[in-house]
Amino acid sequence: MKLTTRELTLCAVLTALALALSYMENFIPLSAAIPLPGIKLGLANIVTLFALYALGARQALMILTARCILGSLFAGNLNALIFSLMGGVTAMLVMILLSHVRRLSVYGVSVGGAAAHNCGQVAAAILTLGNTAPLYYLPVLLGVSIFSGALTGLIAVCLFRALAHTELMKG
């Protein structure tokens with residue numbers, strides 16, 4: 001299935017927005033409030049969640065993959081690519097599955113994606129380090145994912161409401 005010019009353009013704009021949010025998140029002094037390594041709000045996941053519901057799984061996965069690759073290239077940190085891709089793809093796959101559960105809201109899908117993202121990153125750390133020590137940090141990350149997933153879910157819901165009357169949400 002080929003993308004239309006409109007879909008391709010929208011995917012490019014959303015990829016740029018996700019990159020900008022990911023970059024801007026580095027300026028939020030979250031470590032002052034939560035002095036733990038690796039804790040992030042995951043603001044770029046707002047775009048991923050939006051794309052999943054507004055465009056579909058295929059386009060959301062393309063946007064996520066492009067964001068991970070370009071973000072690693074722009075940051076000059078190709079070592080972080082494995083963490084970004086494993087966390088992001090794991091989150092995306094879980095969110096795709098959860099989005100089909102009728103009784104689960106966008107909030108639940110977002111929290112599930114945040115938890116899955118942390119699981120994917122811990123798996124990347126295990127592969128990188130060659131031992132299971134990162135598993136001890138997983139409960140902390142999962143606890144934080146409830147908050148971060150709910151926050152990104154809330155922002156995505158607000159975005160859906162704000163754009164409900166536009167052509168973007170009508171296909």
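Everything numeric here is computed off the predicted structure, so don't read it as measured data.
Here the rule is side-chain contact (heavy atoms from CB on, under 4.5 Å) with Leu17, and of Thr15, Leu19, Leu21 only Leu21 fits it.
Within the 4.5 Å cutoff, no side-chain heavy atoms of Tyr137 are placed close to those of Val122. At a threshold of 4.5 Å between non-hydrogen side-chain atoms, the residues Met86 and Gln121 do not count as touching. Looking only at side-chain heavy atoms (C-beta outward), Asn118 and Thr90 stay at 4.5 Å or farther from each other. Taking the side chain as every heavy atom from C-beta outward, Leu43 and Ser22 never approach each other to under 4.5 Å. Within the 4.5 Å cutoff, the side chain of Leu85 has no heavy atoms near those of the Leu64 side chain. Taking 4.5 Å as the limit, some side-chain heavy atom of Met92 sits within range of a side-chain heavy atom of Leu52. For the pair Leu55 and Phe50, the minimum side-chain heavy-atom distance is 4.5 Å or more. Side-chain contact between Asn45 and Ser110: absent, with no pair of heavy atoms (C-beta onward) separated by less than 4.5 Å.
With hydrophobic clusters built from ILVMFWY side chains whose heavy atoms lie under 4.5 angstrom apart, Ile82 does not share a cluster with Leu61. Placement of Tyr23 and Ile46 in two distinct hydrophobic clusters is found when ILVMFWY residues are connected by side-chain heavy-atom separations under 4.5 Å, directly or transitively. Cluster membership check: Ile39 does not share its hydrophobic cluster with Ile146, using side-chain heavy-atom separations under 4.5 Å among Ile, Leu, Val, Met, Phe, Trp and Tyr. By the criterion of side-chain heavy atoms lying less than 4.5 angstrom apart, applied directly or through intervening Ile, Leu, Val, Met, Phe, Trp or Tyr residues, Val47 is grouped together with Leu93 in one hydrophobic cluster. No chain of hydrophobic side-chain contacts below 4.5 Å, direct or via other Ile, Leu, Val, Met, Phe, Trp or Tyr residues, connects Leu159 to Val13.
Between Tyr107 and Ala150, the shortest heavy-atom contact is CD2-O, 4.0 Å. Counting all heavy atoms, side chain and backbone alike, Ala156 lies closest to Val106 at CB-CG1, 4.4 Å. Closest approach of Leu49 and Phe160 over heavy atoms only: O-CZ, 4.2 Å. Closest non-hydrogen pair, Ala124 versus Phe83, comes out as CB-CD2, 3.7 Å. Contact record, Leu14 with Ala51: CD1-CB, 4.4 Å, taken as the closest heavy-atom pair.
With Ser84 contributing its side chain and Ala80 its backbone, the two residues share no donor-acceptor pair below 3.5 Å. At distances below 3.5 Å, not a single donor-acceptor pair connects side-chain atoms of Thr132 with backbone N or O atoms of Leu135. Between the side chain of Gln59 and the backbone N or O of Cys11 there is no donor-acceptor pair closer than 3.5 Å. Remark: side-chain polar atoms of Ser99 are paired, donor with acceptor, to backbone N or O of Ile96 under 3.5 angstrom.
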Could you go through Thr48 and Arg67, starting from their C-alpha distance and side-chain angles, then the distance that decides it, and tell me whether this counts as side chain to side chain contact (heavy atoms under 4.5 Å, CB included)?
CA-CA 10 Å; Thr48 305; Arg67 174 180 59 90; 4.1 Å; yes
Determine, step by step, whether Val94 and His117 satisfy the side chain to side chain contact (heavy atoms under 4.5 Å, CB included) criterion, reporting the C-alpha distance in whole Å, the side-chain angles of both residues, the deciding distance to 0.1 Å, and the verdict.
CA-CA 9 Å; Val94 167; His117 187 274; over 6 Å; no
Side chain to side chain contact (heavy atoms under 4.5 Å, CB included) assessment of Leu81 paired with Ile69:
CA-CA 7 Å; Leu81 181 60; Ile69 293 169; 4.1 Å; yes
From CA spacing to verdict: side chain to side chain contact (heavy atoms under 4.5 Å, CB included), Leu41, Thr152
CA-CA 8 Å; Leu41 292 174; Thr152 57; 5.9 Å; no
